[in-house]
K.L.:
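Once you've had a glance at the structure underneath, I'll fire off some questions.
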Amino acid sequence: MSDQFKETNVHPTKKVNTGLGDSQLKNTPVSILAKRQEPYLQDLNEEQRNAVEETDGPLLVLAGAGTGKTRVLTTRLSHIIQTGQAGPSQVLAVTFTNKAARQMVDRVSRLLGRPADGLWLGTFHSISARILRYNAELVNLKSDFTILDTDDQTRLLKQLLQARNIDDKRWPARTLCTMIQRWKDQGLTASDIKRIEAIDNNEFANGEAPSIFLEYQSRLQILNAADFGDLLTHCINIFKNNPDLLSAYQEKFKYILVDEYQDTNVAQYLWLRLLAATEKQNICCVGDDDQSIYGWRGAEVGNILRFEKDFSGAKVIRLERNYRSTGNILSAASGLIANNSGRLGKTLWTKGDLGSPINITGTWDGEEEARIIGSEIESLEREGNNLDEIAILVRASFQTRAFEERFINIGIPYRVIGGPRFYERQEIRDAIAYIRLLVQPDDDLAFERIINVPKKGIGDASQQIIHQLARAKNISLYSSSQLIVQTDELSSKARYALISFLDNFTRWRSLLKLNTHWELLEMMLDESGYTGIWMSDKSPQAPGRLENLKELVSAIEEFDNFGAFLEHVSLVMDREEGRPSTGSNLINNNDIDKPLQMVNIMTLHSAKGLEFDDVFLPGWEEGLFPHQLALDENGSAGLEEERRLAYVGLTRARKRIQIFFAANRRVYNQWVSAIPSRFVDEIPSENVEAKPIEPQSSNNQNEGILIADGKWQSKINYAKSSESSTFRQNTGNINAEWEEEPVKTRHTGSKYKSGDRVIHRKFGIGIVRQANGEKLEIIFDRVGKKKVIDRFVEAE
DNA sequence: GATTGTCTTTTTTTT
DNA sequence: AAAGACAATC
């Protein structure tokens with residue numbers, strides 16, 4: 001068996017066998033370490049301490065927000081290692097984000113006083129990928145399989161849809177992609193097709209989804225690729241079908257720790273169950289049912305509610321003492337979450353002060369909201385508060401823009417956590433496709449992405465020819481191209497372009513050993529003409545894209561080789577550090593000596609696990625928060641999840657919270673009026689102080705925001721806003737257009753009139769609905785409404 | 001095959 | 001408001 005199991009057992013009576021990086025411990029008898037009263041234990045309260053020391057057997061730690069959950073987890077992990085119960089490589093710790101994983105490694109290292117090397121600590125996906133690389137052949141993959149992201153998946157599915165002549169306007173590949181992901185979240189794979197067919201409600205393309213799914217999986221096989229969900233499901237299948245291998249892993253991982261257990265989905269649950277199914281069941285899950293906010297991704301709160309059943313003899317420890325927030329914040333949050341049913345229930349308490357009440361402010365529109373928050377932040381800064389300790393948490397990412405614009409204007413430095421991720425940008429993905437094709441010529445998706453980027457005259461027609469041969473001979477596009485250039489299939493222009501494309505790659509490949517990988521990347525981007533595209537592009541984003549490419553080249557230096565880099569890229573879908581900004585990208589951190597303090601802007605989802613002194617919660621309006629789609633799609637369950645999201649938001653704050661809602665907001669360039677979120681009313685009024693609007697100079701309509709005795713006067717319907725309707729665009733009624741009688745031809749001289757049946761070369765048969773000179777609007781049987789010039793159709 | 005211009009759609013949350 | 005899709009034109 002491969003080196004994945006090279007770490008051996010650690011037994012308390014033996015010397016610690018360390019594995020790599022354990023040098024300090026190497027010669028120390030474990031018994032000494034075990035007896036020493038570890039100082040880190042003394043800082044814990046009784047429950048926390050129990051949670052750390054109760055190392056054997058299944059344990060569920062129900063940890064409310066701010067009760068020291070991370071602390072318990074890291075201390076427990078260190079404790080297990082420090083007392084020699086297991087070596088670092090014998091502990092499996094699963095987190096939800098790469099960021100959380102990094103933090104945990106840091107904290108464990110600090111507690112241990114040495115680097116925590118060899119730990120199996122990471123996200124479900126990264127650990128699965130690691131296991132899968134060792135055992136790829138068991139699911140018919142090679143160990144260098146590619147990990148596809150959503151973009152790759154969608155493009156692949158789009159091709160499959162096209163091959164079946166399914167209109168991807170009506171049945172978007174994106175939707176199918178989500179469906180397939182949801183199935184995988186349930187732990188379903190191609191072999192469960194019967195069950196999938198049972199779940200499938202035939203809504204997608206007349207029930208073709210399951211069979212496309214099968215086709216998709218076999219395509220992945222051929223491409224030697226796995227998508228994100230496969231990482232888990234493949235692992236599960238490997239475990240299920242190879243009992244020996246499973247028990248090897250079960251033996252290896254003496255202790256399992258799981259963070260954010262409330263957010264695990266069925267696949268992750270099965271994965272854990274398999275690994276923890278030993279006699280000892282040394283699994284410790286930490287979670288908070290009130291913070292379950294990933295139901296839409298298949299997370300099952302049920303997992304946490306069922307824990308005691310799943311693992312016989314499980315102990316449950318509750319952490320209820322909150323060390324983070326003020327009394328007001330805690331009771332506001334408790335009051336809100338009490339509106340949910342089906343909770344495990346716990347009562348957070350604190351010895352701390354009541355603190356200041358929650359501020360709630362209504363504004364006229366989104367811009368005013370941003371203005372007020374901007375000036376609030378300025379005064380916080382004047383009072384000596386640290387910008388790093390301030391966060392704005394929004395429901396949906398489009399909300400960040402108003403703040404960015406405002407902050408640029410008044411010069412508040414900020415960072416947006418999330419936003420467009422570095423590796424998802426077009427230019428970066430293109431560059432990565434070059435790398436992928438370099439190291440894995442058979443990577444068809446990469447091939448397709450860059451074969452004609454930059455443009456070199458290999459258009460659709462030529463690509464079709466390459467495709468056909470590839471499919472016929474069951475070879476990759478790259479191999480197919482190599483054959484095709486030896487024939488006359490292509491136009492000579494395309495042929496020579498393709499030859500030089502292939503030659504380039506052969507040459508670059510021969511340089512792999514002679515150059516550093518970053519030099520080679522630079523070379524590829526220059527010689528392929530890719531950099532040239534953006535240099536001659538005069539759009540305002542072009543310079544930024546070139547910057548990003550430079551950043552990519554320097555980022556890649558951090559990795560040993562292209563392979564390591566690609567692995568990082570596909571797994572760290574984690575939102576990166578965020579895009580730091582002081583307004584303009586051109587301002588860079590010249591004064592490195594004092595790190596620039598920045599306000600944090602992010603979504604509520606990405607705020608989970610973080611804490612700040614001051615938290616601003618804008619956009620508390622019905623329809624936005626709770627989000628309309630959540631309500632429409634999941635009814636009361638959706639509402640409860642939104643409420644938990646609100647709870648997460650409130651409990652991020654240590655000292656102060658300010659909630660905002662706007663009467664009017666621009667969504668898709670349309671003004672939409674809204675009433676305050678029901679969540680506003682659900683916060684107990686004794687913890688709230690409604691804040692009068694600072695008089696704005698302009699003609700804002702603030703009369704609606706009323707203050708009675710310093711309390712928030714709820715259910716004010718100030719959104720009648722006859723004003724706002726004047727902003728409303730006249731969008732007409734799209735449906736009416738279809739219902740009405742065919743419009744009479746208004747112009748003479750049209751070759752066709754409404755009602756004529758015509759044939760179009762591409763669209764087939766249709767009926768003219770409207771004729772206006774030479775312009776026709778035709779409803780085609782196959783493709784629906786199109787606008788066409790008359791000489792492109794013939795009478796039937 | 002590439003480029004241009006017009007029309008449509010988009011935004012919930014993410015490993 | 002901006003990006004993508006697609007028909008028309010070069």
Side-chain angles (χ1 to χ4, degrees), chain A residues 94-101 122-129 147 149-150 158 168-169 172 174 178 181 184-185 227-232 260 263-265 267-268 292-299 393-401 417-418 421 424 426 452 454-463 490-491 493-494 497 539-541 570-575 602-608 619 623-634 638 641-642 644-645 648-649 665-670 729 731 734 760-763 774-778 783 785-789 791-792:
Chain A
V94 197
T95 61
F96 247 77
T97 62
N98 291 294
K99 191 176 173 191
T123 62
F124 278 102
H125 292 91
S126 64
I127 289 172
S128 295
I147 301 172
D149 63 17
T150 323
K158 204 167 187 175
D168 76 340
K169 265 283 160 58
R174 276 194 55 120
T178 317
Q181 282 185 60
K184 291 183 178 175
D185 287 341
D227 68 22
F228 243 65
D230 284 339
L231 296 177
L232 282 157
E260 311 281 11
D263 286 326
T264 50
N265 59 34
Q268 291 161 335
S292 163
I293 54 176
Y294 284 96
W296 51 274
R297 215 174 63 188
L393 309 182
V394 298
R395 175 63 182 86
S397 45
F398 78 86
Q399 291 172 266
T400 59
R401 213 168 101 190
I417 315 263
R421 306 172 212 186
E424 273 175 15
Q426 185 192 341
N452 205 23
K455 299 244 192 305
K456 46 175 84 66
I458 307 176
D460 272 356
S462 312
Q463 290 186 39
L490 301 180
S491 71
K493 187 183 167 205
S539 70
Q541 302 101 315
S570 39
L571 288 173
V572 182
M573 297 312 282
D574 220 358
R575 309 212 146 187
M602 70 192 90
T603 64
L604 286 159
H605 281 90
S606 38
K608 195 169 71 161
L624 177 57
F625 192 36
H627 200 284
Q628 195 57 46
L629 286 173
L631 301 180
D632 291 347
E633 283 169 21
N634 291 305
E641 181 153 312
E642 294 287 298
R644 290 193 292 268
L645 199 49
V648 168
R665 201 174 282 281
R666 195 164 35 186
V667 185
Y668 304 142
N669 210 25
Q670 269 194 31
Q729 275 188 351
T731 48
I734 291 165
H760 185 282
R761 214 173 127 220
K762 207 160 151 198
F763 301 143
E774 58 177 4
K775 289 182 190 161
L776 306 176
E777 191 169 293
I778 303 175
V783 291
K785 186 171 80 173
K786 297 278 179 202
K787 286 181 179 154
V788 180
I789 297 289
R791 66 192 160 82
F792 285 88

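Reminder, nothing fancy here: chain letters follow the sequence lines and each chain counts from 1. Bear in mind the structure is a predicted one, so any value in this text is a computation, not a measurement.
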K.L.:
By nearest atom, which of the nucleotides B:dG1, B:dT15, B:dT12 is closest to the A:Ala461 side chain?
P.N.:
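Of B:dG1, B:dT15, B:dT12, B:dG1 is nearest to the side chain of A:Ala461.
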K.L.:
For the side chain of A:Ser606, counting heavy atoms from C-beta on, which of B:dT14, B:dG1, C:dA5 is nearest?
P.N.:
B:dT14
K.L.:
Is there aromatic stacking of A:Phe96 against B:dT15, centre distance under 5.5 Å, plane angle under 30°?
P.N.:
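It does not: the ring fails the test against the base of B:dT15.
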K.L.:
If you check the A:His605 side chain, which of B:dT14, B:dT10, B:dT15 turns out closest?
P.N.:
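Ranking B:dT14, B:dT10, B:dT15 by closest atom to the A:His605 side chain puts B:dT14 first.
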K.L.:
Identify, between A:Thr123 and A:Lys493, the residue whose nearest nucleotide on DNA chain B lies closer to the 5' end.
P.N.:
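Checking each residue's closest nucleotide, the 5'-ward one belongs to A:Lys493.
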K.L.:
Under the salt bridge (charged side-chain N to carboxylate O under 4.0 Å, His left out) criterion, do A:Arg297 and A:Asp185 qualify, and how do the steps go?
P.N.:
CA-CA 7 Å; A:Arg297 215 174 63 188; A:Asp185 287 341; over 6 Å; no
K.L.:
According to the interplanar angle, ranging from 0 to 90°, do the rings of A:His125 and A:Phe228 count as parallel (below 30°), tilted (30 to 60°) or perpendicular (above 60°)?
P.N.:
tilted
K.L.:
First locate atom CG of A:Asp149, then atom CG of A:Leu571, and finally report the distance between them rounded to the nearest 0.5 Å.
P.N.:
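If we round to the nearest 0.5 Å, A:Asp149:CG and A:Leu571:CG are 11.5 Å apart.
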K.L.:
Could you report the tightest heavy-atom contact between A:Val94 and A:Thr123, atom names first, then the distance?
P.N.:
CG1-C, 4.0 Å
K.L.:
Atom CG of A:Asn265 and atom P of B:dT14: how far apart are they, to the nearest Å?
P.N.:
16 Å
K.L.:
With respect to the side chain of A:Arg395, which nucleotide from B:dT12, B:dT3, B:dT15 is positioned closest?
P.N.:
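When the side chain of A:Arg395 is considered, B:dT12 is the closest of B:dT12, B:dT3, B:dT15.
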K.L.:
Taking the side chain of A:Gln181 as its heavy atoms from C-beta onward, which of B:dT12, B:dT15, B:dA2 lies nearest to it?
P.N.:
B:dT15
K.L.:
Go nucleotide by nucleotide along DNA chain C from the 5' end; which of A:Gln426 and A:Arg401 gets its closest nucleotide reached first?
P.N.:
A:Arg401
K.L.:
Grab the CG-C1' distance between A:Leu490 and B:dG1 for me, whole Å please.
P.N.:
13 Å
K.L.:
Is A:Lys158 near enough to C:dG4 that one of its side-chain N or O atoms lies under 4.0 angstrom from OP1 or OP2?
P.N.:
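The answer is no; no side-chain N or O of A:Lys158 sits under 4.0 Å from OP1 or OP2.
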K.L.:
To the nearest Å, give me how far apart CD1 (A:Ile417) and P (B:dT15) are.
P.N.:
12 Å
K.L.:
Within a reach of under 6.0 Å around CG of A:Asp460, are more than 12 heavy atoms found that belong to other residues, nucleotides or ligands?
P.N.:
no
K.L.:
According to the 5.5 Å centroid and 30° plane-angle thresholds, does A:Tyr668 stack upon the nucleobase of B:dT11?
P.N.:
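So A:Tyr668 does not count as stacking on the base.
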K.L.:
Just jot down the salt bridge (Lys or Arg N to Asp or Glu O under 4.0 Å) partners of A:Arg666, sequence neighbours excluded, or say none.
P.N.:
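In terms of salt bridge (Lys or Arg N to Asp or Glu O under 4.0 Å), with neighbours along the sequence ignored, A:Arg666 is linked to A:Glu367.
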K.L.:
Verify the contact: side-chain N or O of A:Ser397 to OP1 or OP2 of B:dT13, cut-off strictly under 4.0 Å; return yes or no.
P.N.:
yes
K.L.:
Of the listed nucleotides (B:dT12, B:dT14, B:dT15), which one gets closest to any side-chain atom of A:His627?
P.N.:
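For A:His627, the side-chain atoms sit closest to B:dT12.
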K.L.:
Tell me what A:Tyr294 touches on the nucleic acid: a base, only sugar-phosphate, or nothing, going by heavy atoms under 4.0 Å.
P.N.:
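A:Tyr294: backbone/sugar contact only, no base atoms under 4.0 Å.
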K.L.:
What nucleotide, of B:dG1, B:dT15, B:dT12, holds the atom closest to the side chain of A:Ser462?
P.N.:
B:dG1
K.L.:
Could you tell me the separation between the CD atom of A:Glu641 and the C1' atom of B:dT12, rounded to a whole number of Å?
P.N.:
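One finds 11 Å between C1' of B:dT12 and CD of A:Glu641, rounded.
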K.L.:
Taking only the side-chain nitrogens and oxygens of A:Thr603, find out if one of them lies under 4.0 Å from OP1 or OP2 of B:dT14.
P.N.:
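It does, given that an N or O in the side chain of A:Thr603 lies less than 4.0 Å from OP1 or OP2 of B:dT14.
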K.L.:
Can you check whether A:Asn452 has a side-chain N or O nearer than 4.0 Å to OP1 or OP2 of B:dG1?
P.N.:
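Indeed not, no polar side-chain atom of A:Asn452 lies that close.
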K.L.:
Taking NZ from A:Lys184 and C1' from B:dT14, how many angstroms apart are they, rounded to a whole number?
P.N.:
17 Å
K.L.:
Tell me: CZ of A:Phe398 to P of C:dA1, nearest whole Å?
P.N.:
15 Å
K.L.:
Just how far, in rounded Å, is P of B:dT12 from CG of A:Leu393?
P.N.:
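Distance check: A:Leu393 CG to B:dT12 P gives 20 Å.
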K.L.:
Heavy atoms from C-beta onward define the side chain here; which of B:dT13, B:dA2, B:dT15 lies closest to that of A:Phe228?
P.N.:
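Within the option list, the nearest is B:dT15.
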K.L.:
Please classify the nucleic acid contact of A:Gln463 as base, sugar-phosphate, or nothing, using heavy-atom distances under 4.0 Å.
P.N.:
nothing
K.L.:
What integer distance in Å separates A:Gln399:CD from C:dA1:P?
P.N.:
19 Å
